[in-house]
Amino acid sequence: MSEEKPVKKTSLASLFLAFAKIGVMTFGGGYAMLPMLEREVVDNHGWTTSEQMMDYYAVGQCTPGVIAVNVSTFVGFNERGVIGAIAAMLGVVFPSLVIIMSLASVLMVFRENVYVARAFAGIRIAVCALILSAVIKLAKKAISNIPTAVIAVLAFLLQVFLGISPVIIVLTTAAGGIAVYFIKKGKKPEEGGEEEK
Amino acid sequence: MIFLRLFWEFFKTGLFATGGGMATVPFLFDMCARTGWFTAQELADMIAVSESTPGPIGINMATYVGFSTAGIPGGIVATLGLMAPALIITLMVARFLARFNDSPVVKTVFRYLRPAVIGLILFAFWQLVPYTFVGSEGKVLVLPVVAFAVLLFCILRWKKVHPIVWIALSAVFGILCL
């Protein structure tokens, strides 16, 4: 990466640093990052507006991958094109790389320690609770009628009983969604996108 | 060779995991079952570490899994693999952002995709539960775990607390009781 060149208005280094700062200061992804992103990207640097940021978030949720990467790519791209997108994205991941790898190597050494082992046995319970609470939170937003509930249950049961891979389930559901859209459109125009959020 | 496989596995995860954060977890369980790079129990520990350190959870998980599988280069390769699809797709979408967002096809697809993701995450939970009943010395401890889990869950549904607090509380419980 050739940073340090303050060409035009935004340097690659400042993109990298701003997003590295966001990476260091947020715990958990998704919406947990929004306040930090706003402060850094909108308030401190003025790279984008709050409204634009919400659009990025919306797209981030409608495209695969980590939302922080989507947002950083948008902002970096708008400032400096593809190379800016890459600089911003590397900024997001840099802190994770450093912190996780140092922590992981420490943990590898202490894995056999009885207190560490006990602590992790306890932590596994919290992880279960965290995953379950993520499910509940998502379900409140996404399960609104019988078809959506059936899809959720079906996705679960297909894995439990038939061991179908999540990739297949995502692909089939997406294909099903496209099919439903075109069938509805064929029957009655104007009925494609209902009021549902 | 391992690096190519790591990149490919995480590229797939990045491509198919929609919905942020926990959405990567089902794909990691799937990876664990197919590759044997790590155990489900190790995965649980990685989730805890990823939740309680700075940075997006998905990225932390990729770094951790990659690092524990193939050292520092492994961590970097896995993380790049996870990000690559988002980078490529975002760059493609960036030009017609508004149109993509409001497209009724995209809306319909995601209305069905979101509940499917819930089913996927629920299955990750399902796979993890048996491991929580095993204490530090391999003893099976059902009663204290269930009691603590119910207590934890009630407290946390009642009052909003940051995940780090959940993890810290249960670490203390583990040291004292498991």
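Protein chains get the first letters and strands the later ones, always in sequence-line order, with residue 1 at the start of each.
In this structure, a donor-acceptor pair under 3.5 Å is absent between the side chains of D30(B) and S165(A).
F161(A) and V150(A) sit in two unconnected hydrophobic clusters of ILVMFWY residues. Membership requires side-chain heavy atoms under 4.5 Å apart, directly or through other members. No continuous path of hydrophobic side-chain contacts links I146(A) to L158(A) [ILVMFWY only; heavy atoms under 4.5 Å]. A single hydrophobic cluster is not seen to contain both V180(A) and L154(A); linkage of ILVMFWY side chains at heavy-atom distances under 4.5 Å, directly or through other members, places them apart. Under the 4.5 Å side-chain heavy-atom criterion for grouping Ile, Leu, Val, Met, Phe, Trp and Tyr, Y115(A) is not connected to L176(B) through any hydrophobic cluster. Under the 4.5 Å side-chain contact rule for hydrophobic residues, L4(B) and L82(B) do not share a cluster.
Residues L107(A) and Y64(B) meet the side-chain proximity criterion, which asks for heavy atoms closer than 4.5 Å. Looking at heavy atoms from C-beta onward, K141(A) lies out of side-chain contact with R114(B) at the 4.5 angstrom threshold.
Of the listed residues S96(A), G23(A), P95(A), G76(A), the one with more heavy-atom pairs under 4.5 angstrom with chain B than any other is S96(A). Taking G177(A), A152(A), A139(A) one by one and counting their heavy-atom pairs under 4.5 Å with chain B, the maximum is reached by A152(A). Chosen from V92(A), I22(A), L171(A), T172(A), the residue pairing most often with chain B at heavy-atom distances under 4.5 Å is L171(A). No other option in I136(A), V82(A), V153(A) has as many heavy-atom pairs under 4.5 Å with chain B as I136(A). By number of non-hydrogen pairs under 4.5 angstrom with chain A, the leading residue of L80(B), V172(B), L113(B), I89(B) is L113(B). Ranking A104(A), G176(A), A142(A), C128(A) against chain B, the residue ahead of the rest is C128(A), based on heavy-atom pairs under 4.5 Å. Ranking I178(A), V24(A), V160(A) against chain B, the residue ahead of the rest is V160(A), based on heavy-atom pairs under 4.5 Å. Interface remark: of the candidates A168(B), G71(B), A48(B), A48(B) forms the most heavy-atom pairs closer than 4.5 Å to chain A.
Put simply, CZ on F67(B) and CE on M108(A) are 5.0 Å apart, with the number rounded to the nearest 0.5 Å. Rounded to the nearest 0.5 Å, atoms CD1 (I121(B)) and CZ (F156(A)) are 12.5 Å apart. The OH atom of Y181(A) sits 12.5 Å away from atom OH of Y112(B), with the distance rounded to the nearest 0.5 Å. The structure places OG1 of T108(B) at 9.0 Å from CZ of F182(A), a figure rounded to the nearest 0.5 Å. Expressed to the nearest 0.5 Å, how far CD1 of I151(A) lies from CD1 of I118(B) amounts to 10.0 Å. Summarising the geometry, atom OG1 belonging to T90(B) is positioned 4.0 Å from atom CG belonging to N70(A); distances are rounded to the nearest 0.5 Å.
For CG of L162(A), the number of neighbouring non-hydrogen atoms (other residues, nucleotides, ligands) closer than 6.0 Å is greater than 12. Residue F77(A) places its CZ atom among more than 12 non-hydrogen atoms of other residues, nucleotides or ligands, all under 6.0 Å distant.
Only the side chain of I169(A) comes within contact range of chain B, with at least one heavy atom under 4.5 Å from a heavy atom of that chain. Proximity to chain B (any heavy atom under 4.5 Å) is shown, for L97(A), by both the backbone and the side chain. Both the backbone and the side chain of I175(B) have a heavy atom closer than 4.5 Å to some heavy atom of chain A. At a 4.5 Å heavy-atom cutoff, the contact between S68(B) and chain A is made by backbone and side-chain atoms alike. Of the two parts of L120(B), the backbone and the side chain both hold a non-hydrogen atom closer than 4.5 Å to a non-hydrogen atom of chain A. Both the backbone and the side chain of F120(A) come within less than 4.5 Å of a heavy atom in chain B. When heavy atoms are compared at a cutoff of 4.5 Å, I123(A) approaches chain B by way of both its backbone and its side chain. For L157(A), no part lies near chain B; criterion is any non-hydrogen pair under 4.5 Å.
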*Under the side-chain contact (heavy atoms from CB on, under 4.5 Å) criterion, do M101(A) and I76(B) qualify, and how do the steps go?*
CA-CA 10 Å; M101(A) 288 195 201; I76(B) 294 172; 4.0 Å; yes

*Check the pair L91(B), F74(A) against side-chain contact (heavy atoms from CB on, under 4.5 Å), reporting the backbone distance first and the verdict last.*
CA-CA 7 Å; L91(B) 286 178; F74(A) 275 129; over 6 Å; no

*How far apart are the C-alpha atoms of R124(A) and Q41(B), what are their side-chain angles, what is the distance that settles it, and do they pass the side-chain contact (heavy atoms from CB on, under 4.5 Å) test?*
CA-CA 8 Å; R124(A) 255 168 258 145; Q41(B) 195 173 330; 3.1 Å; yes

*Take V69(A) and I59(B), measure what side-chain contact (heavy atoms from CB on, under 4.5 Å) needs, and give me the verdict at the end.*
CA-CA 9 Å; V69(A) 175; I59(B) 290 172; 3.8 Å; yes

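Heavy atoms only, all atoms of each residue included: P166(A) and F27(B) are closest at CB-CE2, 3.7 Å. Nearest heavy-atom pair, G119(B) versus A155(A), reported as atom, atom and distance to 0.1 Å: CA-CB, 4.0 Å. Taking both residues in full, the closest heavy atoms of P54(B) and I99(A) are given as CG-CD1, 3.8 Å, listed atom of the first, atom of the second, then distance.
For F148(B), the side chain to side chain contact (heavy atoms under 4.5 Å, CB included) criterion is met by I125(A), L152(B), S170(B), F173(B), not counting sequence neighbours.
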